[in-house]
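Counting starts at 1 for both ligands and their atoms, in listed order.
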Amino acid sequence: MSLLWTSEALVAAMDGRPLGPMPDGISGISIDSRSLQPGDAFFAIKGEAMDGHDFATAAIKAGAGVLVVAEGKLPSLGRLTAPIIVVEDVLVALEKLGVASRARSSAKIIAVTGSAGKTTTKEALRHVLQAVGKVHASAQSFNNHWGVPLTLARMPDDCDYAVFEIGMNHPDEIRPLVKMVRPHVAIVTMIAAAHLGFFRNLDEIAKAKAEIFEGLEPEGAAVLNRDDARFKLLDKMAHAAGVEHVYGFGENARSTFKLTKCELHADHSDITARIGGHEVTARIGAPGRHMVQNVLAVLGAAHLVGADLDKVASALADLSAERGRGKRHVLRHPGGSTSSHPGGLITLIDESYNANPASMAAAMALLNATPVTGEGRRIAVLGDMLELGDHSTKLHAALADLIVGTGTQTVFLGGPEMRALAEALPADIKTEYRAGVEELKPVLLAALKPGDVVMIKSSKGIGFAKLVDALLGKFPAESTARKQT
Ligand SMILES: Nc1ncnc2c1ncn2[C@@H]1O[C@H](COP(=O)(O)OP(=O)(O)O)[C@@H](O)[C@H]1O
Ligand SMILES: [Mg+2]
């Protein structure tokens with residue numbers, strides 16, 4: 001088994017105090033005893049609700065090779081049967097290890113921020129760069145004050161590329177994180193009203209994202225959305241931060257990474273783009289205009305870190321939308337079945353992971369581009385977008401613009417904020433509003449008919465993933481995301 005860190009390096013990087021005989025080293029890093037793998041170091045991080053120190057025994061049971069704990073907690077832990085490294089503050093120790101990890105790495109590093117599309121872009125980069133080298137990337141959306149140092153500390157010393165997601169809800173969150181990551185390339189996917197409740201306006205959001213430029217390596221490059229209304233502001237801020245290489249991606253004629261042809265299909269897209277003097281033609285295995293936009297950033301960043309564009313472009317064909325982020329399910333509906341006609345199919349688009357005005361627009365475009373069969377309808381099942389503060393009512397009502405005049409005439413809404421949309425929709429849109437997910441579930445399940453295409457989306461906290469589970473539980477899978485060519 002290869003070691004991620006020797007115990008010696010681990011102790012030195014964190015300035016820790018070893019207690020008991022140390023193993024040669026550790027094979028991984030965990031902050032959660034439920035997912036800990038034998039041989040991992042367990043870092044007892046204190047979160048909002050829980051304190052890792054309460055799970056020290058569970059971590060030992062799961063096979064932790066070493067426990068990293070706080071000096072102040074040591075007396076209350078009792079006798080532990082695993083080697084321990086004592087530090088003053090466990091999160092600070094993790095950050096120090098992250099910094100040491102970055103210092104020993106010779107990988108090309110890419111950081112991704114933006115109001116939507118961070119995880120999608122990060123996963124697409126992971127996928128395409130795997131075609132050209134050894135890649136390390138953030139797990140899930142590990143993009144905050146513990147997720148970023150954890151991802152850094154987990155980076156093997158021999159990887160060729162590493163991709164970091166960096167997120168924020170407030171100003172001054174990205175700066176310290178990107179200074180640990182020190183990327184060669186920083187991508188800002190787009191600026192939109194996410195977490196607007198914590199900001200005065202979209203310019204303020206852009207300024208907070210622009211902190212990412214402050215951690216770029218010398219000669220590093222910023223990759224910005226040329227089609228975004230805040231491109232100029234970001235461009236200016238990048239230059240103000242001393243970044244000389246600022247590149248735009250998009251449809252705009254002045255983009256460096258420029259889309260020249262684009263065909264959108266229900267389950268994939270075919271594109272041609274100019275990437276640094278190369279003409280790249282690619283099939284993207286996951287649908288949607290927003291995915292094309294993310295892929296332009298991916299191609300640009302891959303080019304900047306010296307990856308072979310032909311290999312990268314062919315890898316795009318087997319991208320697929322992920323659970324909660326556009327994943328498709330084809331389900332069998334028993335309705336109208338006879339011996340010669342076995343009922344019909346329902347297409348479910350699972351967008352339940354998150355929602356803000358930009359991703360709502362992306363998801364509604366996906367729904368409207370998906371063909372229905374027979375008597376089938378396009379159905380949008382939408383729940384509250386959270387953290388929009390004073391702008392919330394207005395932004396929920398404005399979603400009507402994404403629905404009226406499109407191919408979607410049936411809408412199910414849930415959550416207190418969605419009442420504003422229910423009231424904004426005209427009478428010819430068939431609308432069912434319920435207070436929450438539990439009230440909505442039976443109404444939705446009963447309403448579905450063969451041929452329907454259903455798109456489910458809300459902020460995570462509203463819990464529309466339960467509606468996805470309810471559909472998957474009631475209707476058997478025909479196949480997932482069958483590819484048509
Ligand atoms: N470039 C984009 N522009 C607008 N919406 C997008 C974009 N990329 C993805 N989305 C939408 O945002 C949702 C969340 O995507 P994700 O990559 O998880 O974002 P993040 O990690 O930034 O929260 C997706 O399901 C999709 O609906
Ligand atoms: Mg994310």
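- Among the backbone and side-chain atoms of Asn143, none of the N, O or S atoms lies under 2.8 Å from the Mg ion (ligand 2).
- Note: no N/O pair closer than 3.5 Å links Ala363 and ligand 1 by distance alone.
- Take the N/O/S atoms of Glu165: the one nearest the Mg ion (ligand 2) is OE2.
- At under 3.5 Å, not a single nitrogen or oxygen of Ser141, backbone or side chain, sits near a nitrogen or oxygen of ligand 1.
- The closest donor-acceptor contact from the side chain of His396 to the backbone of Met385 lies under 3.5 Å.
- Checking atom 11 (C) of ligand 1 against the protein gives a heavy-atom contact under 4.0 Å.
- For ligand 1, the atoms sitting less than 4.0 Å from at least one non-hydrogen atom of Glu351 are 24 (C), 25 (O), 26 (C), 27 (O), numbered in the order shown with element in parentheses.
- The atoms of ligand 1 that sit less than 4.0 Å from any heavy atom of Ala358 are 4 (C), 5 (N).
- Among all protein heavy atoms, the one lying closest to atom 5 (N) of ligand 1 is Ala362 CB, 3.5 Å.
- In terms of protein heavy-atom proximity, atom 13 (C) of ligand 1 is nearest to Ser359 CB, 3.7 Å.
- Note on ring orientation: taking the six-membered ring where Trp is involved, the planes of Trp146 and Phe142 are perpendicular (angle over 60°, cut-offs 30° and 60°).
- Taking a cut-off of under 4.0 Å to the non-hydrogen atoms of Met190, the atoms of ligand 1 that pass are 3 (N), 4 (C).
- Proximity of a side-chain donor or acceptor of His245 to a complementary backbone N or O of Ala222 within less than 3.5 Å is not detected.
- Polar contact with ligand 1: absent for Thr189 (N/O pair, distance under 3.5 Å).
- Ligand 1 is never approached by Met291 to a heavy-atom distance shorter than 4.0 Å.
- Inspection of the Ser392 and Glu417 side chains reveals an N or O donor paired with an N or O acceptor under 3.5 Å.
- Classification of Asp228 and Arg230 as a salt-bridged pair fails, no side-chain N sitting under 4.0 Å from a carboxylate O.
- The shortest N/O to N/O separation between Lys118 and ligand 1 falls below 3.5 Å.
- Of the protein's heavy atoms, Gly117 N, 3.0 Å lies nearest to atom 19 (O) of ligand 1.
- Residue contact check for ligand 1: Glu123 places no non-hydrogen atom closer than 4.0 Å to it.
- For ligand 1, the atoms lying closer than 4.0 Å to a non-hydrogen atom of Glu165 are 21 (O).
- Using a 4.0 Å cut-off between heavy atoms, Lys122 makes no contact with ligand 1 at all.
- Side-chain N or O atoms of Ser105 include one that pairs as donor or acceptor with a backbone N or O of Ala107 at under 3.5 Å.
- Residues Ser352 and Asp350 bring a donor and an acceptor atom of their side chains to less than 3.5 Å of each other.
- Given atom 9 (C) of ligand 1, the protein heavy atom at minimum distance is His290 CD2, 3.3 Å.
- Considering backbone and side-chain atoms alike, Gln293 places every N or O at 3.5 Å or more from each N or O of ligand 1.
- Close approach to Thr120 involves these atoms of ligand 1, each under 4.0 Å from a residue heavy atom: 15 (O), 16 (P), 17 (O).
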Legend entry - Verdict with supporting geometry, Gln140 and Thr119, side chain to side chain donor-acceptor pair (under 3.5 Å): CA-CA 7 Å; Gln140 302 166 52; Thr119 302; over 6 Å; no
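- The closest approach between a heavy atom of Asn294 and any atom of ligand 1 is below 4.0 Å.
- The shortest N or O to N or O distance between Thr119 and ligand 1 is under 3.5 Å.
- With Lys457 contributing its side chain and Asn354 its backbone, the two residues share a donor-acceptor pair below 3.5 Å.
- Between the Mg ion (ligand 2) and Ser141 there is an N/O/S contact shorter than 2.8 Å.
- Classification of the Phe164-His136 ring pair by plane angle, with boundaries at 30° and 60°, yields perpendicular.
- Both the backbone and the side chain of Arg325 come within 4.0 Å of ligand 1, judged by heavy-atom distances.
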Inset, instruction - Start with the C-alpha distance between Glu251 and Arg289, add both sets of side-chain angles, then the distance that settles salt bridge (charged side-chain N to carboxylate O under 4.0 Å, His left out), and finish with yes or no. - result: CA-CA 11 Å; Glu251 254 175 286; Arg289 187 67 188 74; 2.3 Å; yes
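- Residues Asn225 and Thr189 have side chains not in contact (no heavy-atom distance under 4.5 Å, counting atoms from C-beta outward).
- Of the listed residues (Val178, Ile166, Asp172), just one forms a side chain to side chain contact (heavy atoms under 4.5 Å, CB included) with Glu211, and that residue is Asp172.
- There is no side-chain donor-acceptor pair under 3.5 Å between Asn294 and His290.
- Between the side chain of Asp270 and the backbone N or O of Glu263, no donor-acceptor pair lies under 3.5 Å.
- Both the backbone and the side chain of Ala116 come within 4.0 Å of ligand 1, counting heavy atoms alone.
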